[in-house]
Amino acid sequence: MSKILKKILNSHFSFILFIIVTTLLIFRPLFSDGYPSWADNSTPPVLNMTRFNSKSNFTYSEQYHGLVYNSNEILINFLPNKIATIFNIFILDPRILSIIWVVFPYITLNICLYFSFFNVFRDKRLSFLLTLFYIFSPWNLSLIAYGWSWTSYSIACGILFISYFIRYLEYPKFKDVVTMSLLSVFGFINIANFYVVLLSAFIFLFIYILVNKIKLSEVYLLYKNLLFLPLIILLINLYWILPIGPMSRELNSGFDNLPKIYPTSILTYLNTFFFSTNFSLFEEFSSIFKFFNSFLFRIFYIFFLLAVLWYILKNATHDKKLKTYLFLYLLLFGLSLGVNFSLLWVAFQSLPGAFMIRSPQLKFYPILFFLLTLLVGRVIQKYNPKKFIYFTFSVVFFGVIGFARSGPFSYWSNVTPPCDYREVIKVLNNSDSKYFTVAEFPEIWGTPKISWLNDRYATPILNSMIYNPLIIYNKWNTAVIPEYLKEVYTNPSTDIPAILGRGGVKYVLVHKDYSNFRVKKDFSSMEGLSKVVGGENVDLFEVSEHFYKDLFYSEVKNLEHERINPIMQVVKIKPGEQLTFNRQYDVSLKLYDEKDIRNMGYYDCNFSIGDLNFCDILLLKVNPLSKEPLDKDHKNNWILPENSSGSYVVYYEPQIYFYIGLIISFVAFILNVLYLLLVRDSTKNKRIVLN
């Protein structure tokens, strides 16, 4: 009986179960009343699955007045949306669903950590210890406090990718190449994070070859399967890569100031040494990290790192693994310093795509801390020093204390929207108004403090619970404001109702609860605006019909139109007139005569999955109607031919390339999965390097 119990306790199942329970205990405050809403990007879009589905499945995002249309929206939301959709089948309570949306990515991360360590060390108990070491670290607390829910998927698969890469270099198997390709699908959810993973893998390969003195003539023979890795990754990610071309023709880019968000004073040797992020150093959040930033913990942590360094220096000359991990750690340590390590950073910035790294410490820390944990694991596995093992357990113990004392969820508590918020949600989710456009005030350039949340940083949960696309003024990205609406935010003497109405804005949402951003205009006294909801925290105004122009209009009159989905609208208008689509001009917005679409056999086609209609690919065979030149309002205009039908379809063309890419990606994904299920391990694969 004792043998059976011992076997059960030493199984993957037992360790994974303990990891899941540990994660749930960390997140237990989220299971209180209200909705999770805190930090950087953790407000659950699952509170409005209808809008989340649209945002995840279509290249033309209705958020921000249709101006945030790029494949990055698909990249970020497509796969997490499918996870949420599966949960939504079984869980109808939006509160529970929103909690799962926040917690499940961290469960995924922690399980992936366990298997990453097992890939490297092939020891269950050691892998479990190292997983706890990672979970109860200052870095992981930063990850939780940031609210990086969907980014955790990217970090999880990125770390697992690195572990398979390490295993592949010792035991070259094509199966691991296929597995790494599959992991890239979730890894790319945060493209900047996974960029660092791919760079780290390339540097690791280079260091591995040098440390193990593998001849260049042998590199190809040993690792020629790696040449298939970028090809398979390309095919399996084509669903978001393929639309980039057509979308880049009119892609708005307004993130020029983002690299300046994080001051260089944060990117120091000492902060990187302790994995201190900008979040843990800002004064308003210092209480969360009070224990980890304390003198006592830092002294203890320094002694632990000195013990790690002592074993490395003592054994690195004859331990090739230690040497390889150490060299990569030092390189990534330097890159984590960003511009404060100018020589290395300048070289890094010369690489294609390096511009994506706007906060180097946040992008390099996940892999950097993983490498530190590998160094700890290597010392324990290879040399089994009892004092060092006890020291590692002590670090985990103090990490548990640090998490318990920090209480990030007492700071980022669940929220229940006040009654005026709920009234706004009710109005804007009404079937007659849920697709109207809303302009939001006051103008902001960061995360607002909300007074009814005791001046704590929070993402307004209201934005997640309504259907409407919102216009949000944000100095980090002013390009999300259409050209014909920017004046209402920049010119104090402008006639706001007239400009908003002409721009297709039906409602004005005014926050009075932003304690660090004041409302500079009195909307109650503006002629042309009528108050629909008035409350202590928020007001909602409606633009009068006198000023309002609908989504489609011809000269002054609004037209009958039907919204099929975010990328397809059908409008009725008399041939020969001018048609205006009241959205920012985009060369990729096409107008088709519905008669031509019907003649092509579009309506006879039946190939759809949920919201996705793959029959749209047939539109490539239909000639769009010519577009008129850009007018002073930067809108989309067409002069309709006299011989046309009177019924027209506006379509966002890059969606077609998304469908084509999705078909290829799906086929590639299935083939890779079948290969992993059916292929047998070859006994010819021998270990390349033995210490």
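- With values rounded to the nearest 0.5 angstrom, Glu170 atom CD is found 12.5 Å from Leu222 atom CG.
- Among pairs with a residue in residues 265-276, none fulfils salt bridge (Lys or Arg N to Asp or Glu O under 4.0 Å), at least two apart in sequence or across chains.
- Two residues are said to be in side-chain contact when any heavy atoms from C-beta on lie closer than 4.5 Å; Leu335 and Val196 fail this criterion.
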Start with the C-alpha gap between Val379 and Thr392, add the side-chain angles, then the distance that decides, and say whether side-chain contact (heavy atoms from CB on, under 4.5 Å) holds. CA-CA 11 Å; Val379 170; Thr392 305; over 6 Å; no

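- In this pair, Tyr301 and Phe297 present their aromatic rings parallel. The plane angle is below 30°, not in the 30 to 60° band.
- At distances below 3.5 Å, at least one donor-acceptor pair connects side-chain atoms of Asn293 with backbone N or O atoms of Ser280.
- When ring centroids are compared, Phe364 and Phe348 come within the 6.0 Å threshold.
- For Leu216, the CG atom sits in a loose shell: 12 or fewer heavy atoms of surrounding residues, nucleotides or ligands are nearer than 6.0 Å.
- If you take OH on Tyr329 and OG1 on Thr373, they are separated by 9.5 Å, rounding to the nearest 0.5 Å.
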Taking it one step at a time, do Tyr383 and Phe388 satisfy ring-ring contact (aromatic ring centres under 6.0 Å, His included)? CA-CA 10 Å; Tyr383 308 104; Phe388 184 80; 9.9 Å; no

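- Annotation: the span from Phe104 atom CZ to Thr23 atom OG1 amounts to 11.0 Å, rounded to 0.5 Å.
- More than 12 heavy-atom neighbours from other residues, nucleotides or ligands sit within 6.0 angstrom of CZ on Phe273.
- In the displayed structure, Phe206 atom CZ is contacted under 6.0 Å by at most 12 heavy atoms of other residues, nucleotides or ligands.
- Counting non-hydrogen atoms of neighbouring residues, nucleotides and ligands closer than 6.0 angstrom, the CZ atom of Arg405 reaches no more than 12 such neighbours.
- Once rounded to the nearest 0.5 Å, the distance linking CD1 of Ile241 with CG of Leu234 reads 5.0 Å.
- Rounding to the nearest 0.5 Å places CD1 of Ile233 at 13.0 Å from CG of Leu238.
- Shortest non-hydrogen contact noted between Lys124 and Asn10 is CD-O, 2.9 Å.
- Every residue two or more places apart in sequence or in another chain was checked for a side chain to side chain donor-acceptor pair (under 3.5 Å) with Asn140, and none qualifies.
- By the 6.0 Å contact criterion, OH on Tyr675 is enclosed, its count of non-hydrogen atoms from other residues, nucleotides or ligands being greater than 12.
- For the salt bridge (Lys or Arg N to Asp or Glu O under 4.0 Å) condition, the pairs that include at least one residue of residues 176-191, sequence neighbours left out, are Arg167-Asp176.
- Side chains of Lys363 and Ser359: a donor-acceptor N/O pair is present below 3.5 angstrom, by distance only.
- Nearest heavy-atom pair, Leu79 versus Ile189, reported as atom, atom and distance to 0.1 Å: CB-CD1, 4.5 Å.
- Between the Ser163 side chain and the Leu160 main chain, a donor and an acceptor come within less than 3.5 Å of each other.
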Give the C-alpha distance, both sets of side-chain angles, the deciding distance and a yes or no for side-chain contact (heavy atoms from CB on, under 4.5 Å) between Tyr106 and Ile135. CA-CA 10 Å; Tyr106 295 99; Ile135 290 174; over 6 Å; no

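- No option in Leu199, Ile209, Leu328 other than Leu328 meets the side-chain contact (heavy atoms from CB on, under 4.5 Å) test with Phe204.
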Go through Ile214 and Tyr208 one step at a time and tell me if the side-chain contact (heavy atoms from CB on, under 4.5 Å) criterion holds. CA-CA 8 Å; Ile214 303 174; Tyr208 188 87; 4.0 Å; yes

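- Shortest non-hydrogen contact noted between Ile236 and Val185 is CG2-CG2, 3.7 Å.
- Between the side chains of Asn237 and Ser184, at least one donor N or O sits under 3.5 Å from an acceptor N or O.
- The neighbour count for Leu343 CG, taken as heavy atoms of other residues, nucleotides or ligands under 6.0 Å away, does not exceed 12.
- For Lys224, the NZ atom counts as loosely surrounded, since its 6.0 Å shell holds 12 or fewer non-hydrogen atoms of other residues, nucleotides or ligands.
- Aromatic ring pairs are classed by plane angle as parallel below 30°, tilted from 30° to 60° and perpendicular above 60°; the pair Tyr168 and Tyr223 is tilted.
- Donor-acceptor pairing under 3.5 Å is lacking for the side chains of Asn190 and Ser154.
- When all heavy atoms are compared, the tightest approach of Ala201 to Phe165 is O-CE2, 3.2 Å.
- The aromatic rings of Phe15 and Tyr114 sit tilted relative to each other, their planes meeting at an angle between 30° and 60°.
- Using modelled atom types, one finds no donor on one side chain facing an acceptor on the other under 3.5 Å when comparing Arg378 with Thr324.
- How far NZ of Lys323 is from NE2 of His318: 10.0 Å, rounded to the nearest 0.5 Å.
- In this structure, Tyr134 has its ring center no closer than 6.0 Å to that of Phe370.
- Shown here for Ser152 and Leu109, the closest heavy-atom pair between the two residues is O-CB, 4.1 Å.
- Ring geometry, Phe403 versus Phe292: the interplanar angle exceeds 60°, so the pair is classed perpendicular (tilted spans 30 to 60°).
- When ring centroids are compared, Phe128 and Phe118 stay outside the 6.0 Å threshold.
- Put simply, the side chain of Asn672 does not reach to within 4.5 Å of the side chain of Leu676, judged on heavy atoms.
- Ring pair Phe369/Phe133: centre-to-centre distance below 6.0 Å.
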Under the criterion side-chain contact (heavy atoms from CB on, under 4.5 Å), I'd like the reasoning laid out for Phe300 against Phe391: C-alpha separation, chi angles, the key distance, then a yes or no. CA-CA 10 Å; Phe300 173 79; Phe391 211 160; 3.4 Å; yes

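- For the pair Gln361 and Leu267, the minimum side-chain heavy-atom distance is below 4.5 Å.
- In this structure, Trp240 has its ring center under 6.0 Å from that of Phe188.
- The aromatic rings of Phe78 and Tyr239 are tilted relative to each other, their planes meeting at an angle between 30° and 60°.
- At a threshold of 4.5 Å between non-hydrogen side-chain atoms, the residues Leu330 and Leu326 count as touching.
- Counting only distance, with no hydrogens or angles, the side chain of Asn271 and the backbone of Ile266 share a donor-acceptor pair below 3.5 Å.
- With a 4.5 Å cut-off on side-chain heavy atoms, Leu198 and Phe161 count as touching.
- Contact of the Phe136 side chain with the Ile401 side chain is not registered, since no non-hydrogen atoms from C-beta on lie closer than 4.5 Å.
- Within a 6.0 Å sphere centred on CZ of Phe304, heavy atoms belonging to other residues, nucleotides or ligands number more than 12.
- For the pair Leu371/Leu375, no side-chain contact is recorded, criterion being any heavy-atom separation below 4.5 Å from C-beta on.
- Classification of the Phe275-Tyr365 ring pair by plane angle, with boundaries at 30° and 60°, yields perpendicular.
- In this structure, the side chains of Leu362 and Tyr146 come closer than 4.5 Å at one or more pairs of heavy atoms.
- Taking every heavy atom of both residues into account, Ser276 and Arg298 meet most closely at OG-NH2, 3.0 Å.
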